[in-house]
There are 2 protein chains.
Amino acid sequence: MGILRKTKSVKILLDEFEKKSTAISAITLIERLHSKMNKTTIYRVLEKLEDDGFLHSFLGKNGHKWYAKCSGCSSDEHHDIHPHFQCTDCGKVDCLSTDVLIPNIPNRKVDMSQILLQGKCEDCYT
Amino acid sequence: MGILRKTKSVKILLDEFEKKSTAISAITLIERLHSKMNKTTIYRVLEKLEDDGFLHSFLGKNGHKWYAKCSGCSSDEHHDIHPHFQCTDCGKVDCLSTDVLIPNIPNRKVDMSQILLQGKCEDCYT
DNA sequence: TATTTAACGCAACTAAGTTGCATTAATTGT
DNA sequence: ACAATTAATGCAACTTAGTTGCGTTAAATA
């Protein structure tokens, strides 16, 4: 079950993802919004926004949770099977539109893939 | 700096990876070996074995640390850029020899890739 | 405007992984 | 084989991302 009420917290969080299109870690949001809302609320709202298909989540390089805007997902189906790119210098994470082809694996049924690329982003790649 | 002394703990841990070729999570090792060694020791030995190129590590589906035997790595260079497969039923993780082609990403320098596939393994795929 | 109940804040908790330090045991030299 | 050296270990305490329970607040609706 996702969002039922359009609360102040929901609006604030949606706004964060609206104004910049990079992914944001839960930890970053907790630091950034600590004066406006409780961390429990942040985790709960993010979870609901994911259920609703507004955001998708994935794990960054330390196993920490990141969220980013979905494009064209619904509560029924998440089809954000794109790779994510994390800069090892500045830590920024972007969603990549590039497709990575997952070959068929014999005797296994692949339902999901999580691809995290690491390296230097356009700003840090001098 | 990796392993200097061939201690009892090192032998026990190497043996765990010798007798089965699937990946093992740090948590599993802590449970399995709690009567034989301390969890601090487990984490420290695993780290050293990775430095030495005997093991490689990656993050499983909950961001927990997993380790698996390397094949042909050295302390200088890890070239285990293979995908890992985690069964969503039994939780088992295997290293896949299948190559996944990472396309060039414009304006970015990709140094590392971490690919985790999830689905049903050969035993659970009925 | 009153009622209902989803959403919130807070404090306490959980668990993976880390750190500091005193003790133990693997290696090295004699 | 034994003593000296110091890497490795065990233990307890800590760190921190994320979770849970519960009393209170504030959106929706009637």
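Residue numbers start from 1 in every chain, and the chains themselves are labelled A, B, ... in the order their sequence lines are given, proteins ahead of strands.
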For A/Val93, is there any backbone N or O sitting under 3.5 Å from a side-chain donor or acceptor partner on A/His84?
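A pair under 3.5 Å: no.
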
Go nucleotide by nucleotide along DNA chain C from the 5' end; which of B/Lys65 and A/Lys8 gets its closest nucleotide reached first?
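Looking at DNA chain C, the more 5' nearest nucleotide goes with A/Lys8.
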
Whole-Å distance between [N] [atom2] and [X] [atom1]?
X: B/Asn38; N: C/dT24; atom1: CG; atom2: P; answer: 15 Å
X: A/Tyr67; N: D/dG18; atom1: OH; atom2: C1'; answer: 10 Å
X: A/Leu13; N: C/dA7; atom1: CG; atom2: P; answer: 14 Å
X: B/Leu33; N: D/dT9; atom1: CG; atom2: C1'; answer: 15 Å
X: B/Lys36; N: C/dA25; atom1: NZ; atom2: C1'; answer: 19 Å
X: B/Leu4; N: C/dT24; atom1: CG; atom2: C1'; answer: 17 Å
X: A/Leu49; N: C/dA7; atom1: CG; atom2: P; answer: 11 Å
X: B/Ile42; N: D/dC11; atom1: CD1; atom2: C1'; answer: 14 Å

Show the nearest heavy-atom pair for residues A/Asp111 and B/Gly119, with the distance to one decimal.
OD2-CA, 3.5 Å

At their closest point, which heavy atom of A/Leu33 faces which heavy atom of A/Glu16, and how far apart are they?
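Scanning both residues, the minimum pair turns out to be CD2-OE2, 3.9 Å.
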
So do the side chains of [X] and [Y] get within less than 4.5 Å of each other, counting heavy atoms only?
X: A/Lys39; Y: A/Ile30; result: yes
X: A/Ile115; Y: A/Ile102; result: yes
X: B/Asn62; Y: A/Leu59; result: no

What's B/Ile30 touching, base or sugar-phosphate or nothing? Going by heavy atoms closer than 4.0 Å.
nothing

Look at all strands and tell whether B/Lys39 reaches a base, only sugar-phosphate, or nothing, counting heavy atoms closer than 4.0 Å.
base

A/Thr88 versus A/Gln118, side-chain donor and acceptor atoms under 3.5 Å:
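Their side chains do not contain a donor-acceptor pair, so the 3.5 Å distance test is not met.
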
Over its full length, what angle do the end axes of the helix from C/dT1-D/dA30 to C/dT30-D/dA1 make, each axis taken from five pairs and the result rounded to 10 degrees?
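Nearest ten degrees gives 40° for this helix.
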
Select one nucleotide: of C/dT27, D/dG18, C/dG9, the one nearest the side-chain heavy atoms of B/Arg5.
C/dT27

Between C/dG9, C/dA16, D/dA8, spot the one nearest the side chain of B/Ile27, thanks.
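Of all the options, the side chain of B/Ile27 is nearest to C/dA16.
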
Is [X] close enough to [N] that one of its side-chain N or O atoms is under 4.0 Å from OP1 or OP2 there?
X: B/Thr7; N: D/dA8; result: no
X: B/Lys48; N: D/dA8; result: yes
X: A/Ser9; N: C/dA7; result: no
X: A/Thr40; N: C/dG9; result: no

Rounded to the nearest 0.5 Å, what separates atom CG in B/Leu116 from atom CZ in B/Phe58?
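Those atoms lie 7.5 Å apart.
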
Does the C/dG9 base have a donor-acceptor partner in the side chain of A/Arg44 within less than 3.5 Å?
yes

